[in-house]
Enquirer: 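Structure in structure tokens, see below.
Order of the sequence lines sets the chain letters (A, B, ...), proteins ahead of strands, with each chain counted from 1.
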Number of protein chains: 2
Amino acid sequence: MDVTIYEVARRAGVSIATVSRTLRGTGPVAAKTREKVLKAVEELNFTPSRLGVSLAEGRHAANGVVFPDLAGPYYAEVLLGYEEVASELGRSVIILSTKGRTRVGDLIKDLAGRVDGMLIFGHTVPEPLVAELVRLGVRLVFVSRDPLPGADTLRSENTASARALAAHLADHGYERFAFLGAPLTSHDDVDERWRGVRSVLGGAIEAVDTGHYTVECGHEAATKLLKGRDRPRAIVCSDDEVALGALLAAEELGLDVPGDVAVTGWDDIMAARHARPALTTVRQPMRELGARAARALDELITGVRDTPSHHTLATAPVIRASCGHHPQEVRT
Amino acid sequence: MDVTIYEVARRAGVSIATVSRTLRGTGPVAAKTREKVLKAVEELNFTPSRLGVSLAEGRHAANGVVFPDLAGPYYAEVLLGYEEVASELGRSVIILSTKGRTRVGDLIKDLAGRVDGMLIFGHTVPEPLVAELVRLGVRLVFVSRDPLPGADTLRSENTASARALAAHLADHGYERFAFLGAPLTSHDDVDERWRGVRSVLGGAIEAVDTGHYTVECGHEAATKLLKGRDRPRAIVCSDDEVALGALLAAEELGLDVPGDVAVTGWDDIMAARHARPALTTVRQPMRELGARAARALDELITGVRDTPSHHTLATAPVIRASCGHHPQEVRT
DNA sequence: CCGCCGGGTGAAAGCGCTTACAGACATGCG
DNA sequence: CGCATGTCTGTAAGCGCTTTCACCCGGCGG
């Protein structure tokens with residue numbers, strides 16, 4: 001990777017400008033000259049240095065993606081959708097996970113210096129830093145957070161599906177519910193889900209904090225909940241991983257799902273379909289979320305659009321076995 | 001992001017060389033000068049352009065990761081382990097998925113121009129291109145492929161664990177087995193698993209091709225297999241996703257697992273533990289695979305080591321419910 | 001009092017490319 | 001035949017940084 005445009009030019013007997021023009025198709029080049037250049041390029045196996053190109057062009061042709069973790073399938077799926085489109089658009093994707101990182105600010109700033117724009121998940125980045133990035137003119141797209149000025153936001157619908165899910169559970173005839181989720185403080189997806197559910201179930205549902213959205217935390221919180229008196233008849237979980245933890249807890253306690261207690265998740269990750277029993281959840285178009293984010297970012301970078309856009313993608317409940325018995329078996 | 005080192009120098013009343021020296025701590029700088037420079041940096045909120053630094057330094061401080069897909073949890077996990085260490089070592093990671101891509105060669109070459117080295121999964125990249133990359137002097141680490149000259153390889157153990165798994169199944173008293181996997185042609189992980197299993201079970205096991213390592217392919221192949229006459233008593237799957245497909249197939253056909261047919265997977269992905277029934281599988285240290293790869297690549301790049309190394313990480317069967325009934329319940 | 005040494009600094013040469021600008025050379029027209 | 005008009009090509013100025021080299025200057029030993 002250390003043959004430069006100068007060597008090509010020398011070998012072809014032309015100037016580096018001509019080589020550049022030939023390769024990029026900018027400006028006129030005589031057919032004979034082009035041929036000579038291409039031949040030299042071929043022989044030397046020349047690939048323009050990305051660094052040189054970027055420096056001269058003043059753009060990176062790369063995007064960043066910032067996420068808290070890749071452990072669950074959610075981020076991986078969105079990332080995948082993103083990468084596919086970004087690559088199509090000729091941009092590389094640089095990833096940055098913030099989990100367990102100290103000095104996230106520095107990492108983000110370094111990243112900002114390597115890309116033309118970035119996708120940031122939810123509230124991964126502290127608000128002041130977000131403001132600074134916006135001020136610096138970094139093109140930003142946020143996935144799954146509430147709209148903010150100066151950047152695109154993209155998320156999937158929560159409230160309506162939460163209502164639909166709650167209504168479905170109510171139809172099963174249950175009367176006491178619990179909502180298992182992480183801190184319900186910030187304006188994030190889970191908060192909206194909680195509010196959607198509560199708007200239907202009202203005082204019949206109580207919120208329980210799990211700390212994090214993981215199987216372990218769900219397991220722990222559910223165990224406590226199910227062991228206690230006044231065990232809820234149905235547990236609505238903030239996401240699938242917490243729900244899987246709840247399922248495990250019920251199993252260990254010898255409780256039948258959905259006979260003794262119903263459980264629902266959110267996201268429809270791979271494991272949901274295969275769980276014991278199959279998990280009723282809400283499907284998020286994760287890959288499309290990523291794909292749309294990539295296109296949005298591209299618009300921002302190329303300047304096709306300069307006013308922030310805020311979109312919400314539709315979601316839908318996926319009714320499986322964990323929420324209760326259904327007359328005719330539904331299979332997904 | 002457009003304040004340059006020149007502006008800082010002007011504001012601090014020094015030359016750009018001094019600014020650079022101050023910031024990088026290379027060369028002597030008088031305390032008073034340093035202070036002036038730092039003050040100017042602070043006021044202008046200066047961050048050195050990554051492009052400029054890289055061009056001058058002749059290195060990218062970035063690594064690439066090439067994988068076929070991020071759909072399953074396997075790649076995501078390895079990637080996560082990789083990113084964590086790479087970031088610790090001050091390197092960004094650029095991802096490239098080859099799934100459904102045409103002109104993979106160009107993509108890889110472009111990537112090669114953006115990084116100091118890369119991690120490539122298995123046989124994602126066509127062999128001639130691998131050779132070219134090696135020839136070009138790109139630092140390479142391959143994960144889960146057989147050793148090749150000129151690059152590091154890192155994989156997890158297959159044969160011994162496959163034998164152990166097969167022995168365990170034999171202990172259950174089964175006599176007819178099937179191996180469900182993708183084309184057993186290349187020298188890859190699955191091939192080793194197959195040979196390990198067969199070395200124990202001999203003629204009692206037959207291989208069935210699934211085409212791809214996906215739930216759908218596993219489902220399809222297993223359905224055919226289980227519907228046919230001479231249904232095997234146990235199905236050893238090439239990986240967890242195929243196994244999940246097999247589990248689904250058995251369920252649909254009204255067959256009890258492990259009562260009517262036993263099923264095992266490989267990888268111990270998240271869904272394995274939660275499957276109906278919990279899936280017996282082999283645990284691969286996915287995250288560690290990634291972490292080790294990152295360190296190996298770093299050694300290659302920094303020049304600490306220049307001879308390729310080839311390592312194999314240990315794996316172990318995880319016995320759960322899908323392989324048969326066990327006297328005392330094992331829970332993981 | 002002289003010469004040396006070394007800390008501190010700046011000028012300038014890259015790093016590999018793109019592109020504005022200008023020059024060279026044909027060609028076509030009046 | 002002269003000139004305008006193109007077409008093609010080369011020169012050189014960046015892009016933002018690192019680093020070598022040379023230089024200046026004060027302090028020290030001789």
Side-chain angles (χ1 to χ4, degrees), chain A residues 1-38 40-41 44-62 90 92 109-110 112-116 136-137, chain B residues 1-38 40-41 44-62 90 92 109-110 112-116 136-137:
Chain A
M1 279 296 158
D2 40 6
V3 28
T4 73
I5 198 173
Y6 287 92
E7 301 172 44
V8 176
R10 182 145 34 85
R11 182 167 195 125
V14 299
S15 74
I16 58 166
T18 301
V19 175
S20 177
R21 274 193 287 260
T22 305
L23 259 25
R24 328 194 88 216
T26 152
V29 177
K32 270 183 80 171
T33 314
R34 149 176 293 107
E35 233 168 71
K36 278 192 300 182
V37 171
L38 293 180
V41 165
L44 293 173
N45 198 7
F46 170 71
T47 311
S49 150
R50 190 60 242 182
L51 247 26
V53 175
S54 286
L55 193 57
E57 279 187 334
R59 59 178 224 123
H60 300 267
S92 294
K109 279 186 163 182
D110 177 83
R114 294 174 173 270
V115 300
D116 301 315
L136 250 42
Chain B
M1 281 294 157
D2 41 4
V3 28
T4 73
I5 199 173
Y6 286 93
E7 301 173 42
V8 176
R10 183 143 36 84
R11 181 166 196 127
V14 299
S15 75
I16 59 165
T18 302
V19 175
S20 177
R21 273 192 288 259
T22 304
L23 259 27
R24 324 195 92 218
T26 151
V29 177
K32 270 183 77 172
T33 314
R34 152 176 289 107
E35 231 167 74
K36 278 192 300 182
V37 170
L38 291 181
V41 166
L44 295 174
N45 197 9
F46 170 69
T47 308
S49 151
R50 191 60 244 181
L51 247 25
V53 174
S54 286
L55 192 57
E57 279 186 336
R59 59 177 223 123
H60 301 267
S92 293
K109 279 187 163 182
D110 176 84
R114 294 175 173 270
V115 300
D116 301 316
L136 250 39

Enquirer: So does B:Thr18 get a backbone contact from the side chain of B:Thr22, meaning a donor-acceptor N/O pair under 3.5 Å?
Expert: yes
Enquirer: What is the distance, to the nearest angstrom, from the CZ atom on A:Arg10 to the P atom on C:dG16?
Expert: 13 Å
Enquirer: Can you tell me which nucleotide in D:dC17, C:dT18, C:dG8 comes closest to the side chain of A:Ser20?
Expert: C:dT18
Enquirer: Checking all strands, does A:Ala17 fall into the base, sugar-phosphate, or nothing category for heavy-atom contacts under 4.0 angstrom?
Expert: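 Answer is base: heavy atoms of A:Ala17 come under 4.0 Å of a base.
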Enquirer: Test for a donor-acceptor pair under 3.5 Å between the base of C:dC15 and the side chain of A:Tyr6, counting only N and O atoms.
Expert: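 No pair found.
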Enquirer: Could you tell me whether the phosphate oxygens of C:dT9, OP1 or OP2, come under 4.0 Å of any side-chain nitrogen or oxygen in B:Thr18?
Expert: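 Result: no.
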Enquirer: Categorize B:Pro48 for me: base, sugar-phosphate, or nothing, with a 4.0 angstrom heavy-atom threshold over every strand shown.
Expert: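 Since only primed, P, OP1 and OP2 atoms lie under 4.0 Å of B:Pro48, the category is sugar-phosphate.
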Enquirer: Mind listing the closest non-hydrogen atom pair of B:Leu51 and A:His60 along with its distance?
Expert: CD2-CE1, 3.6 Å
Enquirer: Rounded to whole Å, please give me the gap between CD in A:Glu7 and C1' in C:dC15.
Expert: 13 Å
Enquirer: Is any side-chain heavy atom of B:Leu23 closer than 4.5 Å to one of B:Phe46?
Expert: yes
Enquirer: Go through D:dT9, C:dT9, C:dT18 for me and flag the one nearest to the A:Ala56 side chain.
Expert: C:dT18
Enquirer: Does a donor on one side chain and an acceptor on the other come within less than 3.5 Å for B:Arg59 and B:Ser54?
Expert: no
Enquirer: Given C:dG10, C:dC17, D:dC8, which nucleotide is nearest the side-chain atoms of A:Ala30?
Expert: D:dC8
Enquirer: What's the CG-P distance between B:Leu51 and C:dG14, to the nearest Å?
Expert: 21 Å
Enquirer: Between atom CG in A:Leu55 and atom C1' in D:dG14, what is the gap in whole Å?
Expert: 9 Å
Enquirer: Expressed in angstrom and rounded to an integer, what is the separation of A:Glu57 atom CD from D:dG14 atom C1'?
Expert: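 Taking atom C1' of D:dG14 as the reference, CD of A:Glu57 is at 14 Å.
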Enquirer: Using only side-chain N and O atoms of B:Arg21, determine if any of them is under 4.0 Å from OP1 or OP2 of C:dG8.
Expert: no
Enquirer: Mind checking the CD1-OG spacing from B:Ile5 to B:Ser20? Nearest 0.5 Å is all I need.
Expert: 5.0 Å
Enquirer: Take atom CD1 of B:Ile16 and atom P of D:dT18, then tell me their distance rounded to the nearest Å.
Expert: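 These atoms are roughly 9 Å apart.
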Enquirer: D:dG10 phosphate, OP1 or OP2: any side-chain N/O from A:Ser15 under 4.0 angstrom?
Expert: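 Checking A:Ser15 against D:dG10: at least one side-chain N or O falls below 4.0 Å of OP1 or OP2.
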Enquirer: With DNA chain C as reference, determine whether A:Arg24 or B:Thr33 sits nearer its 5' end, using the nearest nucleotide of each.
Expert: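 In this pair, the answer is B:Thr33.
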Enquirer: Find the distance B:Ile5:CD1 to C:dA11:C1' and express it as a whole number of Å.
Expert: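 Rounded to whole Å, this separation is 14 Å.
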Enquirer: Can you measure A:Arg114 atom CZ to D:dG16 atom P for me and round it to whole angstrom units?
Expert: 17 Å
